[in-house]
Amino acid sequence: MLILGFESSCDETGVALVAADHGERPRLLAHALHSQVAMHEAYGGVVPELASRDHIRRALPLTRQVLAGAGRALADVDVVAYTRGPGLAGALLVGSAVACALAAALDRPVLGIHHLEGHLLSPFLSVDPPQFPFVALLVSGGHTQLMRVDGVGDYELLGETIDDAAGEAFDKSAKLLGLGYPGGPALARLAEFGDPTAYALPRPLLHRDTLDFSFAGLKTAVRTQILKLGEGVCEQPRADLAAATQAAIVEVLVKKSLAALRATGLQRLVVAGGVGANRSLRSQLDAACAKRGVRVHYPEVSLCTDNGAMIALAAAMRLQAGRATARRDHAFDVQPRWPLAALDVGVP
Ligand code: KG4
Ligand code: ZN
């Protein structure tokens with residue numbers, strides 16, 4: 001079975017082809033990605049209308065690139081998958097429209113996929129795939145969640161952010177530090193030159209008996225420090241503040257992940273979503289988990305941020321597990337707000 005997957009929920013257009021043979025782990029044959037970062041940079045964030053228009057321009061050229069890379073033709077595709085939500089409504093509509101139109105023309109069924117499920121399952125494409133059950137730390141620009149994962153479609157929310165997501169905390173702090181968009185990778189680079197102990201920044205809910213997160217106070221603290229430093233801050237205090245910000249976010253993510261492992265009694269952790277590319281987070285999680293005999297799994301670094309491979313993979317795993325049926329109605333169907341806990345609600 002060959003699955004063509006489209007991701008268009010935000011500012012990356014991703015297309016991928018995954019092969020899922022009976023009883024075998026799905027394999028990524030080819031994927032292609034276009035990031036809109038350069039286009040949105042001038043505005044300091046994603047402009048939804050520009051995002052939608054660019055997805056339209058990129059979807060088919062990327063599809064051709066993927067098929068050529070895999071040495072396959074459109075007619076070889078058995079199922080077309082797309083990101084059904086959550087995300088920007090217009091951007092999602094482009095991906096679903098392209099997927100449904102292609103599937104209708106090919107007389108193939110379509111399957112809408114939850115973006116976070118894509119992130120959650122993405123480590124199954126890595127050289128060291130996890131086994132169920134595991135605790136998943138999902139850390140992206142829009143979400144920060146700890147889940148218990150017992151199988152495909154079998155997800156229990158353990159805790160989540162009550163305000164900003166971890167990626168948002170990185171991005172907003174980076175903006176205050178005068179770094180570009182998206183700020184996470186830029187802040188991480190600057191942090192390498194800084195002293196993480198130079199500033200004491202808050203770690204809300206860290207010692208509370210909850211697996212929820214709160215990051216909104218962090219950007220306020222960063223803003224206060226920047227105001228104290230005044231205009232024309234030189235490089236070292238900025239690097240120190242970046243390092244202290246990263247340390248605060250990473251410490252909370254590591255401690256809450258360990259608490260979730262303790263609470264569930266599980267010995268396996270999966271980290272997914274854009275912030276999962278952060279090197280400091282990876283090294284601290286690796287060290288803390290190694291001490292406790294916990295195995296940690298990550299997606300390949302190139303598949304941490306949004307991509308089409310995770311969407312085609314999630315479709316493959318859902319179909320293999322009998323947790324979804326691809327549809328032939330080719331109805332444009334998106335769900336911009338879609339909690340992962342409500343994954344199967346309303347899905348035929
Ligand atoms: O998963 P993703 O690509 O998109 C969403 O679904 O939101 O995550 C994007 C987020 C952004 O907030 C970005 O700043 C953050 O991931 N990010 C990072 C790093 N790479 C991406 N944050 C910290 N360190 C990084 N290396
Ligand atoms: Zn994402």
Side-chain angles (χ1 to χ4, degrees), residues 5-14 16 31 33-37 40-41 44-46 48 51 82-88 91-92 95 113-123 136-145 160-161 164-177 179-192 194 196 213 215 218-219 242-243 245-254 270-285 298-311 313-314 336-340:
F6 287 94
E7 155 61 30
S8 71
S9 66
C10 190
D11 58 352
E12 333 261 353
T13 321
H31 82 117
L33 193 69
H34 175 78
S35 167
Q36 303 177 352
V37 162
H40 296 297
E41 207 166 17
V46 178
Y82 64 92
T83 306
R84 182 173 177 233
L88 301 170
L92 290 168
I113 292 295
H114 195 292
H115 180 83
L116 292 183
E117 183 174 42
H119 277 303
L120 193 78
L121 298 177
S122 59
L137 172 68
L138 266 179
V139 271
S140 71
H143 296 85
T144 298
Q145 298 184 331
E160 64 183 335
T161 184
D164 289 353
E168 220 173 340
F170 268 105
D171 293 342
K172 288 179 176 172
S173 304
K175 203 167 188 176
L176 291 166
L177 283 161
L179 300 168
Y181 149 86
L187 190 144
R189 274 194 300 277
L190 183 59
E192 283 181 30
F213 304 83
F215 289 110
L218 186 60
K219 65 171 185 292
T245 305
Q246 176 172 266
I249 299 171
V250 167
E251 185 183 347
V252 172
L253 295 177
V254 171
V270 157
V271 184
V275 180
N278 186 274
R279 283 176 33 197
S280 171
L281 175 65
R282 285 187 176 216
S283 64
Q284 292 196 38
L285 271 179
Y298 305 93
E300 300 298 331
V301 173
S302 63
L303 299 183
C304 270
T305 46
D306 294 349
N307 62 83
M310 67 186 198
I311 301 304
L313 169 77
R337 287 173 185 273
W338 191 10
L340 190 55

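Numbering of ligands and ligand atoms starts at 1, following listing order.
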With respect to atom 25 (C) of ligand 1, which of Val301, Leu281, Asn278 exhibits the smallest heavy-atom separation?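 Ranked by closest heavy atom to atom 25 (C) of ligand 1, first place is Asn278.
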
Among Pro182, Pro185, Gly141, Ser280, the residue with a heavy atom nearest to atom 10 (C) of ligand 1 is Gly141

Not counting sequence neighbours, which residues clear salt bridge (Lys or Arg N to Asp or Glu O under 4.0 Å) with Lys219? List them please.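 Applying salt bridge (Lys or Arg N to Asp or Glu O under 4.0 Å) to Lys219 gives Asp164.
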
If the condition is salt bridge (Lys or Arg N to Asp or Glu O under 4.0 Å), which residues does Glu160 pass it with, not counting sequence neighbours? none

At a 4.0 Å cut-off, with the gap strictly under it, does some heavy atom of [X] reach an atom of ligand 1?
| X | value |
| --- | --- |
| His115 | yes |
| Gln246 | no |
| Gly142 | yes |

Partner set under ring pair (Phe, Tyr, Trp, His ring centres under 6.0 Å) for His114, not counting sequence neighbours: Trp338

Count, excluding waters, the protein N, O or S atoms that are closer to the Zn ion (ligand 2) than 2.8 Å.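 Every protein N, O or S atom under 2.8 Å from the Zn ion (ligand 2) counted, the figure is 3.
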
Pairwise side-chain contact, His31 with Leu303, heavy-atom cut-off 4.5 Å (strictly under):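 Counting from C-beta outward, His31 and Leu303 do come under 4.5 Å.
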
Decide yes or no for His143 and His115: does some side-chain heavy atom of the first lie under 4.5 Å from some side-chain heavy atom of the second?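 A side-chain contact is absent here, since even the closest heavy-atom pair is not under 4.5 Å.
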
For [atom], what is the closest protein heavy atom, and at what distance to 0.1 Å?
| atom | result |
| --- | --- |
| atom 22 (N) of ligand 1 | Gly184 CA, 3.5 Å |
| atom 21 (C) of ligand 1 | Gly274 O, 3.3 Å |
| atom 11 (C) of ligand 1 | Asp171 OD2, 3.5 Å |

Under 4.0 Å from a heavy atom of Gly167: which atoms of ligand 1 are those, numbered in the order shown and with their elements?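 That gives atoms 12 (O) of ligand 1.
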
Any atoms of ligand 1 less than 4.0 Å from a non-hydrogen atom of Thr305? List them with their elements.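 The atoms of ligand 1 under 4.0 Å from a heavy atom of Thr305 are 3 (O).
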
Counting heavy atoms only, which part of His119 comes closer than 4.0 Å to ligand 1: side chain, backbone, both or neither? side chain

Of the side chain and backbone of Asp306, name the one, both, or neither that has a heavy atom under 4.0 Å from an atom of ligand 1.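 Looking at Asp306 and ligand 1, atoms from backbone and side chain both fall under 4.0 Å.
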
In terms of heavy-atom contacts, Ala174 and Leu187 come closest through N-CD1, 3.7 Å

Considering residues, nucleotides and ligands other than Lys175, do more than 12 of their heavy atoms fall under 6.0 Å from its NZ? no

